[in-house]
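Below, chains carry the letters A, B, ... as their sequence lines are ordered, and counting in each starts from 1.
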Protein chains: 2
Amino acid sequence: MPNSKIFNQALTEWVHVFMRRSMQAFTRWMNEVGLSRTQIGALMRIYNQGHCPVTSIGNELGITTPAASQLVDRLVQMDLLERSEDLEDRRVKVVTLTEAGKELIQEGFMAKNEWINDLTATFSDDEQLALAASLNTMVEAANQLGEDPELIPELFGHRM
Amino acid sequence: MPNSKIFNQALTEWVHVFMRRSMQAFTRWMNEVGLSRTQIGALMRIYNQGHCPVTSIGNELGITTPAASQLVDRLVQMDLLERSEDLEDRRVKVVTLTEAGKELIQEGFMAKNEWINDLTATFSDDEQLALAASLNTMVEAANQLGEDPELIPELFGHRM
DNA sequence: CTTAATAGTTAACAAGGGTTAACTATATCA
DNA sequence: TGATATAGTTAACCCTTGTTAACTATTAAG
C-alpha cells in the first residue's frame with residue numbers, strides 16, 4: 001500500500017472519530033440552548049465580526065432582508081442581540097451581541113472542545129510533544145490549501 | 001509551557017481547521033440535495049442499520065411516531081426509502097434505503113472527505129507515513145475514551 | 001374468545017421561519 | 001431641490017415539520 005493511501009485512510013478515520021466527538025458535543029449544546037441552525041449561524045457571524053448591519057446578515061446566511069430582520073427581532077427579544085443606529089448612516093441598524101450572547105457562543109465553542117481535555121490526558125508527556133508537532137504540520141498545510149472558507153455561513157446558512 | 005498545553009493547543013487548532021474544511025463540504029452538500037437535518041438524520045440511521053421500523057426512527061431522532069411516519073412518507077415519495085411489511089410481525093413496517101437513497105448518503109460521506117485528497121498531495125512520502133502514525137495513535141486513544149457515541153442521532157436529531 | 005398492548009397511519013392544529021409587497025426613513029445624485 | 005436608491009420594518013401569506021387525538025391492524029395475555 002502506498003504511503004499516500006495509508007495517510008489518506010488514517011486521516012479519513014480520524015475525521016470520522018472527530019465527527020463523533022466534537023460535533024456531537026456541539027450539537028448537543030445547540031439542542032440544549034434551543035436555538036435553530038439559522039439563529040446560531042447569525043450569532044456566530046456577529047461574534048466573528050464584532051458587529052454588522054441587518055442586511056449583511058441576511059446576505060451571508062442566504063435569506064432575505066425581512067427574514068433577517070425578523071431573525072434579529074427574535075434574538076433581541078431573547079436578550080442575545082442589541083440593535084443600535086449607525087451614527088454615520090442612520091438608515092443602518094448595527095447589530096451586536098449582548099454579554100449573554102457572547103457567553104452563549106463561547107460556551108458553544110467550549111462544548112465542542114471539551115473532549116480534547118479527555119484525549120490529552122491519555123498521552124504521556126513525550127507523546128504529546130510528538131503529536132503536537134504532527135498536528136501543527138497538518139494545520140499549516142491545511143491553511144495553505146487556498147480558499148480558506150469561513151466555517152459559519154456554510155454550516156448554518158439557509159438550505160434552499 | 002507544559003507539553004499538555006502545547007498538545008492541547010495544537011489539537012484545538014487542528015479541530016478548528018478541520019471544521020472549516022470537512023463540515024463545510026458536508027453541509028454544502030446537504031444544502032445542495034435540499035434535505036432537512038432530520039431527513040438526513042433518518043437516512044443516515046437507516047444506512048447504518050440496514051433497516052428499521054418506523055417507531056424506532058422516531059425514538060432515535062427524538063420525535064413522535066406520527067412525525068416519523070410522515071417523515072418516512074416524504075422520503076418514500078422522493079424515492080429514497082422503501083416501506084415493507086415485517087413478515088414476523090405484520091404490524092411492523094420495515095424501512096430500507098432504495099438504491100438512490102444509498103447513493104445519496106455515500107455521496108454525502110464522500111463530500112465530507114473530499115478535501116483530504118488535496119491535503120494528502122501537499123506532503124512528501126515520508127511525511128505521510130509519519131503523520132499517519134500520529135493520526136492512528138490519536139484515533140486509537142479516542143476510541144478508548146469510552147462512550148463511543150453514534151454520530152448520527154446527535155447530529156441530526158430534533159431540537160427541542 | 002375477549003381484552004389489552006403495540007405499530008403505524010391519518011387528521012387537525014401550531015410554531016418557526018422563510019417569501020413578497022408595501023411602507024418609512026435616510027442618503028445620494030443631477 | 002427633487003428624483004432615486006438604500007436600510008430596515010411590518011404585514012399577509014405559505015410550507016415544513018413538529019404536536020396530540022382518534023383510528024386501524026395485528027399480536028399477546030388471561
Asks: Between D:dT27, D:dT19, C:dG8, which nucleotide has the shortest distance from any of its atoms to the side chain of B:Asp89?
Replies: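 Of all the options, the side chain of B:Asp89 is nearest to D:dT27.
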
Asks: For D:dT9 and A:Ser69 - does any side-chain N or O of the residue sit under 4.0 Å from the phosphate oxygens OP1/OP2?
Replies: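 For D:dT9, OP1 or OP2 has a side-chain N or O of A:Ser69 closer than 4.0 Å.
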
Asks: Shortest non-hydrogen contact from A:Gln128 to B:Asn3?
Replies: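 Nearest heavy atoms, A:Gln128 then B:Asn3: OE1-C, 3.3 Å.
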
Asks: May I ask you to verify if any side-chain N or O of A:Gln39 is less than 4.0 angstrom from the OP1 or OP2 atom of C:dG16?
Replies: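 Answer no for this pair, as no side-chain N or O of A:Gln39 is under 4.0 Å from OP1 or OP2.
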
Asks: Let me know the distance between CG of A:Asp86 and P of C:dA25, rounded to the nearest Å.
Replies: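 One finds 18 Å between P of C:dA25 and CG of A:Asp86, rounded.
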
Asks: Of all the choices, D:dA11, D:dG8, C:dG8, which nucleotide is nearest to the side chain of B:Pro53 once you look at every atom?
Replies: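 Nearest to the side-chain atoms of B:Pro53, counting from C-beta on, is C:dG8.
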
Asks: Which comes earlier along DNA chain D counting from the 5' end, the contact point of A:Val92 or that of A:Pro66, where each point is its nearest nucleotide?
Replies: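 First, find each residue's nearest nucleotide; the 5'-ward one identifies A:Val92.
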
Asks: Given C:dT10, C:dG17, C:dT19, which nucleotide is nearest the side-chain atoms of A:Ala67?
Replies: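 Of the candidates, C:dT19 comes closest.
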
Asks: Rounded to whole angstrom units, what separation is found between the CD atom of B:Gln77 and the P atom of D:dC15?
Replies: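 Taking CD of B:Gln77 and P of D:dC15, I get 15 Å after rounding.
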
Asks: Closer than 4.0 Å, any side-chain N/O of B:Thr38 to the OP1 or OP2 of D:dT17?
Replies: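 Result: no.
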
Asks: Between atom CG in A:Leu75 and atom P in D:dT9, what is the gap in whole Å?
Replies: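 It is 13 Å, rounded to the nearest whole Å.
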
Asks: Over how many whole Å does the gap from B:Arg37 atom CZ to C:dG16 atom P extend?
Replies: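 Checked: the CZ to P distance equals 15 Å.
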
Asks: How close do A:Ala132 and B:Ile6 get, counting heavy atoms only, and between which atoms?
Replies: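 Between these two residues, the closest heavy atoms are CB-CG2, 3.7 Å.
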
Asks: Determine, step by step, whether B:Leu135 and A:Glu13 satisfy the side chain to side chain contact (heavy atoms under 4.5 Å, CB included) criterion, reporting the C-alpha distance in whole Å, the side-chain angles of both residues, the deciding distance to 0.1 Å, and the verdict.
Replies: CA-CA 8 Å; B:Leu135 285 167; A:Glu13 179 71 15; over 6 Å; no

Asks: Between B:Thr120 and A:Asn8, does any side-chain donor sit less than 3.5 Å from a side-chain acceptor?
Replies: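 Per modelled atom types, B:Thr120 and A:Asn8 side chains form a pair under 3.5 Å.
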
Asks: DNA chain C: A:Thr65 or B:Thr65, which has the more 5' nearest nucleotide?
Replies: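 So the residue in question is B:Thr65.
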
Asks: Pick base, sugar-phosphate or nothing for B:Thr55, based on heavy-atom distances below 4.0 Å to the nucleic acid.
Replies: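 If one applies the 4.0 Å heavy-atom cut-off, B:Thr55 turns out to touch the sugar-phosphate alone, with no base involved.
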
Asks: I'd like to know if B:Arg90 reaches the base of D:dT26 with its side chain, counting only an N/O donor and acceptor under 3.5 Å.
Replies: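 A donor-acceptor contact between them is absent.
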
Asks: In Å, rounded to the nearest 0.5 Å, how long is the span from CD of B:Glu127 to CZ of A:Phe7?
Replies: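 Interatomic distance, B:Glu127 CD to A:Phe7 CZ, rounded to 0.5 Å: 9.0 Å.
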
Asks: Atom CZ of B:Arg83 and atom C1' of D:dA25: how far apart are they, to the nearest Å?
Replies: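 The distance from CZ of B:Arg83 to C1' of D:dA25 comes to 15 Å, rounded to the nearest Å.
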
Asks: Please give, in whole Å, the distance from C:dG8 P to B:Ile63 CD1?
Replies: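 Going from CD1 in B:Ile63 over to P in C:dG8 covers 13 Å.
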
Asks: Find the distance A:Glu85:CD to C:dT26:C1' and express it as a whole number of Å.
Replies: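 Going from A:Glu85 (CD) to C:dT26 (C1'), I get 9 Å.
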
Asks: Taking the side chain of B:Asp73 as its heavy atoms from C-beta onward, which of C:dT10, D:dG18, C:dG17 lies nearest to it?
Replies: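 Nucleotide nearest to B:Asp73's side chain: C:dT10.
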
Asks: In chain order, what residues pass the salt bridge (charged side-chain N to carboxylate O under 4.0 Å, His left out) check against A:Glu88, with sequence neighbours excluded?
Replies: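 Result, salt bridge (charged side-chain N to carboxylate O under 4.0 Å, His left out) vs A:Glu88: none returned.
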
Asks: D:dT17 phosphate, OP1 or OP2: any side-chain N/O from B:Arg74 under 4.0 angstrom?
Replies: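 Checking D:dT17 against B:Arg74, a side-chain N or O does come within under 4.0 Å of OP1 or OP2.
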
Asks: Using atom CZ of A:Arg91 as one end and atom P of D:dA7 as the other, report the distance to the nearest whole Å.
Replies: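 In whole Å, D:dA7 P and A:Arg91 CZ are 6 Å from each other.
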
Asks: Counting side-chain heavy atoms from C-beta on, which of D:dT9, D:dG18, C:dG17 comes nearest to B:Gln70?
Replies: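 For the B:Gln70 side chain, the nearest candidate turns out to be D:dG18.
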
